[in-house]
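The next block holds one structure in the form of structure tokens; read it before the comments.
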Amino acid sequence: MSSQANETTQKDWSKAKSVLKVRDLRIHYDTPKGAVIAVAGISFNLYEGETLGLVGESGCGKSTTAYGILQLIQPPGHIVGGEIQLDDRNLMGLSEREFRRLRWTKLALIPQGAMNSLNPTMKVHQQIADVITTHEGRQPKEKMRKRILELFKTVGLPARIYDMYPHELSGGMKQRVCIAMGIALNPSVVIADESTSALDVVVQRVVAQTLLKVKEMLGVAMIMIGHDMGLMAQMVDRIAVMYAGKIVEIASVQSLFKEPMHPYSQVLIESIPSLKEKKPLKITEGITHDPRNPPPGCIFQLRCPFVMEKCKTQEPPLRELKPRQEVACHLYEVSETGEVKNVAASA
Amino acid sequence: MSQPLLDIRNATKVYQVGGGIGSKKKEVVALQNFNLTIADRPATITTIAGESGSGKTTLANLVLGFTHLSSGQIVFQGKDIGEMTHKEIMDYRQNVQAVFQDPFGVYNPFYRVEHVFDLVIKNFKLHKNDSEARDRIEAGLNAVGLRGEDILRKYPHQLSGGQRQRIMMARAYLIKPKLIVADEPVSMVDASLRAAILDVMLKLRDEENISFLYITHDLSTAYQVGDQIYILYQGSIAERGPTTSVIDKPHHPYVQLLVDSVPQPDPDDKWDKDIELPDEEVMRAADAKGCRFYPRCPKGWEHCLTAAPPLYKVAENHHEASCYLYEPKAVSR
């Protein structure tokens, strides 16, 4: 599995076709004291067949981004601006009715199954059938049954849970029911929101492997949201690091783990507890500024160890510093020959 | 050797479930013949790890006195906690403090943070006068890396999860206990903020001589801070020993699977094979007489079903695993 995984990660994503384009997406939550800026203008591409990880601490806007793409933001939150394109079709102008048709068929969400994402009063097969009939109309009972059992097989569920209620299932099984629902209508993009957290380590591995297998089989593109860096290393091809509503770095998973460039990515990588070596604990604070009133300039300036004058006034743009490694930081300068220089190191 | 701080002997806890109209009561063994010793000095961090349903929270509840043993003993500084007088129980509660998983649920949202400390000081009569009480609170907050006044005047919702959890540590510290039972103290806190809480645990251990019973499912944090580790599987110890020894070189097949399944934060070191879980029913129906891991064990043979395997020595420093593979007289397979 390992060699195969490496092949896919080494693939040149710039040549691949992008299925989902997000441009300058902005989402605010209104509060009596002003709007909380949850997503502050982020842009990224999701390429055919890839898995993109979206990481960051709680409150950085990673889940809001995902729900924004699905247009499931609940008031007081609302999308303020930006563009979302799915297969060259702009999603922003669509009515709720039109968008409903796209959910599940084109864009599917796999929620955290352990939470209340399944209806406790409906049997497992009814919930999956519900998704299918809503989009494809009523179908012969026997055909539906075959199809659901086929889905069960894909995600590794035993046929005997067909007639069970969610409370009769273990956490790992519930999560796999959620995966089965997510892929029931062959979507082209799947968004997995913390799909494997809140599970035991061994079960988590089984579910994660199921997810990878299913993704491979259907060839869908996937956005994986999470905060477990270990799991990200195992599962994704590229990774986008978010901090306070912005993407600060986006790179291949190998580059990000080996050579994180943004100071926040560096903190994130260093603070991963390892099972291989005992290292001194790296202590960090959480997001320090008021999300209603971010400081001018760089969003990370209050916690950055390398903060400069420039950071307090100018916002660093996301620039491609190395092939397929985009970083939003003033710390690096690109010379005319294309060489990347660390300003702090040379000063 | 002086008497141990905490000595759990043959602890067994059986829950009765069901028993509604027309259904028979069932017994669920949450903890079976469990033994654990925490030395009085030096203070240590003892990790209890295992998957959900392995009995780790039951153990915390037993030590904290929230529920009672079905059989066995929990002895604290030479006294059985089941036979303590009222006064001894009050002392015990002062000596054994708890930090829980959910840093949101333990606060009353109507009160400021200082209320937490005021209550503790009042209930345990820790102060002689108000200024001394202030000083103690200040010292407690400093010990967990927070600064006094501004935090005390805040409401719980104004603090981050990490800060709230550190305040709970400060509260426990204020009482100067001998033992803190920390039940998943970092699992609801962001990964990047966990270090601050683990660091407080190390500081309290080294500077204040407070021992910890650290209950978690996360092996990597245990590896970073823990001294001893006990890995439970369905109520019994699968393997125990010094944390680094157990995690670097696990012996029990379950612990091997567990350690191998922790996702490595290295994209070039991926899971090398797909694993399958046996059906839930098979797992639960494990024969109570024999080894409970038998239905999932790749190495099991008939011998495993005769009786539950005792702990066998597998390495130095009391590193033991309960698996017949390590039975001293070489059993031929």
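Residue numbers start from 1 in every chain, and the chains themselves are labelled A, B, ... in the order their sequence lines are given, proteins ahead of strands. Quantities reported herein were computed from a predicted structural model and do not represent experimental measurements.
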Requested in this report: Could you check A:Val202, A:Val203, A:Val206 and say which one makes a side chain to side chain contact (heavy atoms under 4.5 Å, CB included) with B:Ser261?
Outcome: A:Val202
Query raised in the report: Are there more than 12 heavy atoms of other residues, nucleotides or ligands under 6.0 Å from atom CD of B:Gln158?
Result: yes
Checking [X] against chain A: side chain, backbone, both or neither under 4.5 Å from a heavy atom?
X        : result
B:Asp218 : neither
B:Ile197 : neither
B:Leu198 : both
B:Asp266 : backbone

**Report entry** Check against side-chain contact (heavy atoms from CB on, under 4.5 Å), A:Val201 and B:Glu51
**Finding:** CA-CA 7 Å; A:Val201 182; B:Glu51 57 190 18; over 6 Å; no
Where do [X] and [Y] come nearest, in terms of heavy atoms and distance?
X        : Y        : result
A:Gln234 : B:Trp271 : OE1-N, 2.9 Å
B:Lys270 : A:Val236 : NZ-O, 4.4 Å
A:Leu275 : B:Leu219 : CD2-O, 3.8 Å
A:Phe257 : B:Pro265 : CD2-O, 3.3 Å

Query raised in the report: So how far is it from B:Gln224 CD to A:Ile272 CD1, rounded to the nearest 0.5 Å?
Result: 11.5 Å
Report task. Give the member of B:Leu202, B:Asp269, B:Asp248, B:Thr244 that has the highest number of heavy-atom pairs under 4.5 Å with chain A. Result -> B:Asp269
Requested in this report: Decide yes or no for A:Met235 and B:Pro263: does some side-chain heavy atom of the first lie under 4.5 Å from some side-chain heavy atom of the second?
Outcome: no
Query - Interface moiety of A:Leu231 toward chain B, non-hydrogen atoms closer than 4.5 Å - result: both
